[in-house]
There are 2 protein chains.
Amino acid sequence: MARTSRKAAVDFKAAAREWAENNKDGRKPTIKDVAELARVSKKTVSRVINNSPLVNDATRKGIQGLIRDIGYQPDPLARGLASRRSYLVGMIYDNPTPQYVVNIQLGILDVLRNTGFELVVHPCDRKSDTFIEDARRFIEVQKLFGVILTPSVSEDERLAEVIRELGCAYIRIASVALDMERRMIVTNDRAGSREAARHLAKQGHKRIAVIAGRRSFRSAHERRAGFEEGLAEYGISVPPEYVLQGDYTFESGLALGSAILDLDPAPTAVFASNDEMAAGVMQALHVAGQTPPDSLSIVGFDDFETATRVWPRLTTVRTPAREIGMLAAERLFEFDDDSPAAGGRNQTTPRLIERDSTRIPSDLQSRPEPESP
Amino acid sequence: MARTSRKAAVDFKAAAREWAENNKDGRKPTIKDVAELARVSKKTVSRVINNSPLVNDATRKGIQGLIRDIGYQPDPLARGLASRRSYLVGMIYDNPTPQYVVNIQLGILDVLRNTGFELVVHPCDRKSDTFIEDARRFIEVQKLFGVILTPSVSEDERLAEVIRELGCAYIRIASVALDMERRMIVTNDRAGSREAARHLAKQGHKRIAVIAGRRSFRSAHERRAGFEEGLAEYGISVPPEYVLQGDYTFESGLALGSAILDLDPAPTAVFASNDEMAAGVMQALHVAGQTPPDSLSIVGFDDFETATRVWPRLTTVRTPAREIGMLAAERLFEFDDDSPAAGGRNQTTPRLIERDSTRIPSDLQSRPEPESP
DNA sequence: ACTCAAAATGACACCGGTGTCAATAAGGCA
DNA sequence: TGCCTTATTGACACCGGTGTCATTTTGAGT
């Protein structure tokens with residue numbers, strides 16, 4: 001018979017039965033109950049719960065079985081109080097685009113499921129002069145295990161600094177590396193819009209307008225820069241009068257859409273830095289009685305639901321929001337892990353989804369001129 | 001000089017200064033610190049924090065000032081551990097429509113802000129056979145202060161029963177009263193779709209199709225019933241072959257949209273039970289080369305973003321999701337309050353938003369026949 | 001001044017875990 | 001076999017609040 005421990009071996013199965021019998025009133029077991037049934041100290045049970053290597057294997061197995069049998073679950077509040085760190089992960093966001101927020105949340109939750117960690121959502125307003133203090137209090141008071149920052153708060157260096165000061169784990173989701181690699185999930189927006197540009201260029205477009213995103217968002221620069229890079233590969237450049245300043249809202253897209261109609265010479269295509277604005281310019285065309293993409297091809301960015309709801313369906317660049325959420329959560333749990341083994345993927349590359357809002361420019365008769373770079 | 005307390009009066013301002021001086025290392029104050037500075041017991045401070053009426057007014061004022069001055073914040077984990085109830089509110093949802101989820105969340109958070117409570121999101125899958133157990137564990141282990149249930153899990157009676165057993169506060173958001181009034185936020189979907197019906201009837205439509213929502217959702221029945229009620233006021237009824245069974249998805253709307261085109265005689269209008277399906281129908285028309293609302297008027301339900309992104313913009317019924325979230329959170333905090341004074345509003349009535357997807361049926365020449373009921 | 005109920009406050013254990021450090025057991029080696 | 005290092009375990013205080021119940025004050029009434 002295998003030796004289990006130097007003390008008289010405890011019959012863990014019997015202990016579980018004992019609990020079942022003596023607990024007719026359905027009290028939830030605590031660590032003390034487990035310890036007594038297993039005839040060990042609370043501390044040993046605690047070690048098992050926390051996967052401490054300082055436990056004899058046989059002891060561990062037995063206690064784990066017992067825990068399973070009687071359905072013990074450590075109290076996160078007590079654990080949090082004692083260890084000064086809760087079992088909560090915060091998601092701090094300021095861009096309330098529903099598609100984005102929800103998908104990131106779902107991605108994070110995919111990873112959190114069954115880990116005992118829970119997700120606490122915390123919207124904020126960067127324009128508020130107390131938002132940093134609010135976030136600090138949130139993190140400090142709740143003793144968050146970690147936080148995930150999404151654009152555009154994720155770009156706030158002061159906030160990041162505060163979080164670092166607090167010693168809290170964090171992951172920043174952004175379109176460019178703003179921090180140590182292991183603390184970032186970067187969505188390669190630049191590569192994505194490069195694809196968008198190539199797509200239009202291949203179709204033969206030459207006169208292409210760009211609707212830029214809100215200046216204060218890094219993604220706005222990345223998307224625009226990537227797009228111009230892509231066009232440059234085909235020797236195309238965007239003249240200043242062809243770049244319009246939007247702010248990522250549908251309304252700005254709508255307004256700028258009609259502005260585009262007044263451009264002379266008229267562009268044959270437009271790249272809107274997100275789907276909302278793309279939908280806006282599409283609507284502007286409809287209002288003007290046009291039927292895209294006949295006179296104007298449109299490409300968006302994000303591939304949120306809107307892209308497939310509008311008509312014609314939007315050719316756009318897909319940002320895998322849910323996957324991004326998952327990656328962020330995964331990396332968050334590796335935050336303190338310095339081993340070279342750690343550090344999984346922390347980049348996602350958006351990809352072009354071709355739909356119906358782009359086509360060969362009307363001034364080209366039959367086929368495009370695919371002048372490959 | 002006003003008497004403040006029977007003991008030698010404590011100078012709370014001086015106490016605050018004392019703290020500032022002796023705490024160069026920036027330790028966060030605990031209840032013990034406050035108690036010592038105020039020369040009272042921890043318990044008294046605790047009473048002040050919890051607004052217990054058992055504290056002398058002068059004492060209370062002083063301690064409150066002190067708390068403010070030194071920036072004391074009670075530790076939610078310790079409070080939760082001791083009182084067996086955390087400062088977390090859970091939102092349990094299964095309908096991941098981003099618009100809905102985010103707006104409800106924002107509404108709840110509007111109310112939670114600065115209360116010390118935080119929102120924990122918990123999506124679930126009603127089809128999973130463990131979702132009830134999962135939810136139970138979630139609530140029990142986290143010792144949630146309360147939960148807010150949104151459709152359609154909110155309709156699950158077994159879940160509600162489990163929550164009741166746990167003694168947890170809860171509010172159910174649904175389209176009909178499934179529970180005690182004070183535990184419900186009901187969105188009067190029936191009244192909303194009645195409006196939609198009246199609108200079409202007033203425009204002169206007679207042959208009107210209906211796309212029903214997912215059968216297992218109460219809202220599907222309410223919306224359909226309300227719509228038929230509204231039509232009935234104008235002596236219109238919907239023949240069986242005009243009601244199509246959808247499932248609230250865009251895809252079902254798309255499929256059913258082309259089905260509608262095959263109907264003979266063709267309806268002049270269709271009521272889709274939500275915007276997603278309405279958008280689907282609209283897209284089906286576009287695919288078929290039609291231009292709504294020329295041959296077919298469309299009205300949706302929800303007024304999510306999609307409604308204004310499609311072309312023509314959707315006439316629809318607005319459900320004030322954010323407001324619903326706020327109401328739910330407000331009622332949640334009154335859960336145990338039996339006073340008749342308690343119990344604020346717990347109903348919201350959607351209202352019709354007229355846009356561009358409905359018009360006088362083409363077979364009527366100039367003006368509608370507004371046969372008021 | 002004395003009595004007593006009501007008002008205000010405090011003492012102390014406890015919530016359910018973890019951190020620290022000491023104590024004990026086991027295995028390797030001279 | 002005795003000594004020393006390593007592996008395992010436990011004792012106990014403590015995290016920062018709240019619940020219970022006793023104790024002290026206070027103010028009205030006589």
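Throughout, protein chains are lettered first and strands after them, A, B, ... in sequence-line order, and every chain is numbered starting at 1. All figures in this text were calculated on a predicted structure; none of them were measured in a lab.
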Is the shortest side-chain N/O distance from B/N50 to OP1 or OP2 of D/dT18 below 4.0 Å?
-> yes
Can you tell me if the side-chain N/O atoms of A/R84 get under 4.0 Å from OP1 or OP2 in D/dC15?
-> no
Spell out yes or no: do the side chain of B/K32 and the base of D/dG16 have one donor N/O and one acceptor N/O closer than 3.5 Å?
-> no
Among D/dG17, C/dG10, C/dG16, the nucleotide that comes nearest once only the side chain of B/K43 is considered = C/dG10
Of C/dG16, C/dT18, D/dG17, the nucleotide closest to the side chain of B/Y72 is D/dG17
Decide yes or no, distance alone: a donor-acceptor N/O pair under 3.5 angstrom between the base of D/dG10 and the side-chain of A/R47.
-> yes
Heavy-atom closest contact (A/K28 atom, B/V141 atom, distance) | NZ-CA, 4.2 Å
Compare side-chain N and O positions of A/S46 against OP1 and OP2 of C/dT18 and report whether any pair is under 4.0 Å apart.
-> yes
A/L54 has its side chain closest, among D/dT8, C/dG16, D/dG16, to D/dT8
From CG of A/N56 across to P of D/dT6 the rounded distance in Å is 18 Å
Protein-nucleotide distance (A/R85, atom CZ; C/dG19, atom P), rounded to Å | 11 Å
Would you kindly give the CG-to-P distance between B/D33 and D/dC15, to the nearest whole Å?
-> 11 Å
Any side-chain N or O of B/S41 less than 4.0 Å from the OP1 or OP2 oxygen of C/dT9?
-> no
Below 4.0 angstrom, N of the basic side chain to O of the carboxylate: do B/R158 and B/E161 qualify?
-> no
Rounded to the nearest angstrom, tell me the gap between atom CG in A/L81 and atom P in C/dG19.
-> 12 Å
Which part of the nucleic acid does A/V55 contact within heavy-atom distance under 4.0 Å: base, sugar-phosphate only, or nothing?
-> sugar-phosphate
Check the distance between C/dA8's P and B/N51's CG and give it to me in whole angstrom.
-> 15 Å
For A/R68, look at atom CZ and say whether over 12 heavy atoms of other residues, nucleotides or ligands are found less than 6.0 Å away.
-> no
Between A/E165 and A/R136, is there a side-chain N and carboxylate O pair less than 4.0 Å apart?
-> yes
Is the shortest side-chain N/O distance from A/T44 to OP1 or OP2 of D/dG10 below 4.0 Å?
-> yes
Pick base, sugar-phosphate or nothing for A/Y87, based on heavy-atom distances below 4.0 Å to the nucleic acid.
-> nothing
Grab the CZ-C1' distance between B/R79 and C/dG17 for me, whole Å please.
-> 20 Å
Polar side chain donor-acceptor pair, B/Q105 to A/Q105, under 3.5 angstrom = yes
Cation-aromatic face contact B/R182/B/F335, 6.0 Å, 45 degrees = no
Atom CD1 of B/I67 to atom C1' of D/dG17: distance rounded to whole Å?
-> 13 Å
Among the candidates D/dT18, D/dT9, C/dG16, find the nucleotide nearest to the side-chain atoms of B/I31.
-> D/dT18
Using whole Å, report how far CD of B/Q142 lies from P of C/dG16.
-> 15 Å
Is a donor-acceptor pair below 3.5 Å formed from side chain B/K42 to base D/dG16, judging by atom type as modelled?
-> no
Please state whether the phosphate of D/dG17, meaning OP1 or OP2, lies under 4.0 angstrom from any side-chain nitrogen or oxygen of B/S83.
-> no
